[in-house]
Amino acid sequence: MKSISKEELEQAAALVHRAMLPTAAYAWPLLADAVGAEVWVKHENHTPTGAFKVRGGLVYLDRLKRERPRVKGIVSATRGNHGQSLAFAARAAGLPCSIFVPHGNSVEKNAAMRAFGADLRIQGQDFDEAKHHAAGLAQEMEYEFVPSYHRDLVTGVGTYALELFTAQSDLDAVYVPIGLGSGISGLIAARDALNLKTEIVGVVSEHADAYALSFEAGRPVATNSALTFADGMAVRTPDPDAVAVVCAGAARILRVSEIEIADAMRLYYTATHSIAEGAGAAPLAGLLQERSKMQGKKAGVILCGQNIDREWFATILDGGTPAVK
């Protein structure tokens, strides 16, 4: 993927900020106590969709409408936040939007996508199977198929990193979850465009570690399953372009357990009274795993989303860990 310039990020930020305000970044003292480091939380849970991906959807749809004003509609696959992003942006652009999700997907994310105007279709047993069905409908309906990883999406998502690094340019490391890779790619793009030295640390579930395996191998490596309650990271097949960006720009990729993710969600709630979904809490879980390495340093964590079903969140607040079959 061609590198993204500071000017492109600034143009994307101007577009994004017409639809939403920049999100806050706060240093929470109870998180500092828990980690032994200064911890800045980038609150992407405070976007109009409750997750960071809305930024990418806005930039993608803006380019699409300019280049193809007669486009009939869009279709994509998601576990939730990407779909909300596209539905939000498509409604603003006046385009039909069909979204495919797998069976067993988050009930509340499904409801949110419908509320934003998506034609929601449930097909397949996981994200990769849902994606196959979405591609079929795109061909049948002559809709634009929107992938989960694309330069426009990365540029849009990179605006959160531009906001964070503009406010806090001296972070030693930033921890970010990896689903299909737009979040970490946006961070790397902004870090590089601003000529900063910050380490970018990716975090995956130990049960969905395709990107960790790919980083270690230096090439895309798929897995047979991705059974994690952190559905934003439940990916079996990594994107080759994303793998290239991560291999070139990330310092390391950490694997965290389901219990570590649940612990981080509870800590977010008690230390900041913020709701984090599994993927949103994974960066904090990664930072806690590396607390000895980060003692006395300045860390950033991306709270990338808050969209977790009430039943699962109740289980977590009660001290448990949701089971995924």
Side-chain angles (χ1 to χ4, degrees), residues 22-54 79-81 84 106 108-109 112 160-161 163-164 167-168 171 173-179 183-184 187 201-208 228-234 254-291 294-295 297-322 324:
T23 59
Y26 295 129
W28 294 92
L30 289 175
L31 291 183
D33 290 347
V35 176
E38 187 175 335
V39 182
W40 285 84
V41 180
K42 181 59 169 165
H43 281 280
E44 289 298 285
N45 55 319
H46 292 166
T47 73
T49 64
F52 75 107
K53 285 183 178 286
V54 66
R79 290 303 304 265
N81 290 334
Q84 289 185 65
S106 162
E108 293 175 27
K109 285 183 178 179
Y160 83 68
E163 293 169 9
L164 176 61
Q168 303 295 328
L171 294 168
V174 177
Y175 294 75
V176 59
I178 306 178
I184 190 170
L187 265 174
V201 183
V203 183
V204 299
S205 166
E206 63 182 19
H207 296 303
T228 171
F229 80 86
D231 52 2
M233 302 191 296
L254 305 178
R255 295 171 173 86
V256 293
S257 69
E258 303 289 278
I259 292 174
E260 286 175 307
I261 294 170
D263 284 342
M265 293 171 71
R266 285 186 284 270
L267 178 57
Y268 259 133
Y269 190 77
T270 56
T272 74
H273 284 97
S274 295
I275 296 174
E277 61 183 274
L284 180 57
L287 175 57
L288 289 166
Q289 195 179 93
E290 291 200 329
R291 72 183 79 186
M294 293 300 295
Q295 290 296 298
K297 295 184 179 181
K298 187 173 180 179
V301 287
I302 309 303
L303 203 177
C304 66
Q306 66 181 12
N307 302 320
I308 183 168
D309 283 3
R310 180 174 60 179
E311 182 179 348
W312 275 7
F313 195 55
T315 296
I316 289 163
L317 288 183
D318 199 38
T321 303
V324 179

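Numbering of residues begins at 1 and proceeds along the displayed sequence.
Dense packing is recorded around CD of E206, with more than 12 heavy atoms of other residues, nucleotides or ligands lying under 6.0 Å away. For OH of Y269, the number of neighbouring non-hydrogen atoms (other residues, nucleotides, ligands) closer than 6.0 Å is 12 at most.
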Do V324 and W312 pass the side-chain contact (heavy atoms from CB on, under 4.5 Å) test, and can you show the C-alpha distance, the side-chain angles, and the key distance before you say yes or no?
CA-CA 11 Å; V324 179; W312 275 7; 4.0 Å; yes

Go through the steps for Q84 and N307 under the test side-chain contact (heavy atoms from CB on, under 4.5 Å), then give the verdict.
CA-CA 10 Å; Q84 289 185 65; N307 302 320; 3.5 Å; yes

Working note: M265 + I308, criterion side-chain contact (heavy atoms from CB on, under 4.5 Å); need CA distance, chi angles, decisive distance, verdict.
CA-CA 11 Å; M265 293 171 71; I308 183 168; 3.3 Å; yes

Dump the intermediate steps for side-chain contact (heavy atoms from CB on, under 4.5 Å) on V39 and V301, then the final yes or no.
CA-CA 7 Å; V39 182; V301 287; 3.9 Å; yes

side-chain hydrogen bond (donor to acceptor under 3.5 Å, both in side chains) for E44 and T23? Distances and angles first, verdict last.
CA-CA 6 Å; E44 289 298 285; T23 59; 2.4 Å; yes

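Looking at every heavy atom in both residues, G320 comes nearest to A262 through O-CB, 3.9 Å. Across all their heavy atoms, I178 and G202 have their closest contact at CD1-CA, 3.9 Å. Among all heavy-atom pairs drawn from L287 and M294, the shortest one is CD1-CG, 3.7 Å. Residues P322 and T315 share a closest heavy-atom pair of N-CG2, 4.3 Å. Nearest heavy-atom pair, A285 versus A264, reported as atom, atom and distance to 0.1 Å: N-CB, 3.7 Å. Shown here for Y268 and A281, the closest heavy-atom pair between the two residues is CE1-CA, 3.9 Å.
Contact annotation: the side chain of L254 never approaches that of E260 to less than 4.5 Å [non-hydrogen atoms, C-beta and beyond].
With values rounded to the nearest 0.5 angstrom, F313 atom CZ is found 11.5 Å from E108 atom CD. With rounding to the nearest 0.5 Å, the separation of CD1 in I316 from CD in E258 is 9.5 Å. Annotation: the span from R79 atom CZ to T228 atom OG1 amounts to 9.0 Å, rounded to 0.5 Å. With rounding to the nearest 0.5 angstrom, the CZ atom of F52 is 9.5 Å from the CD1 atom of I302. A distance of 6.0 Å separates CZ in F229 from OG1 in T321, rounded to the nearest 0.5 Å. One distance of note links CD of Q306 with OG1 of T49; it measures 9.0 Å at 0.5 Å rounding.
Listed for the R266 side chain is no donor-acceptor partner under 3.5 Å among the backbone atoms of D318. Here the side chain of Y160 pairs a donor or acceptor atom with the backbone of G183 at under 3.5 angstrom.
Taking the six-membered ring where the residue is Trp, W28 and Y26 present perpendicular rings, their angle passing 60° and hence far from 30°.
The side-chain contact (heavy atoms from CB on, under 4.5 Å) test applied to A271 returns L30, L31, L267, not counting sequence neighbours. Looking at residues two or more places apart in sequence or on another chain, you find a salt bridge (Lys or Arg N to Asp or Glu O under 4.0 Å) between K109 and D231, E277.
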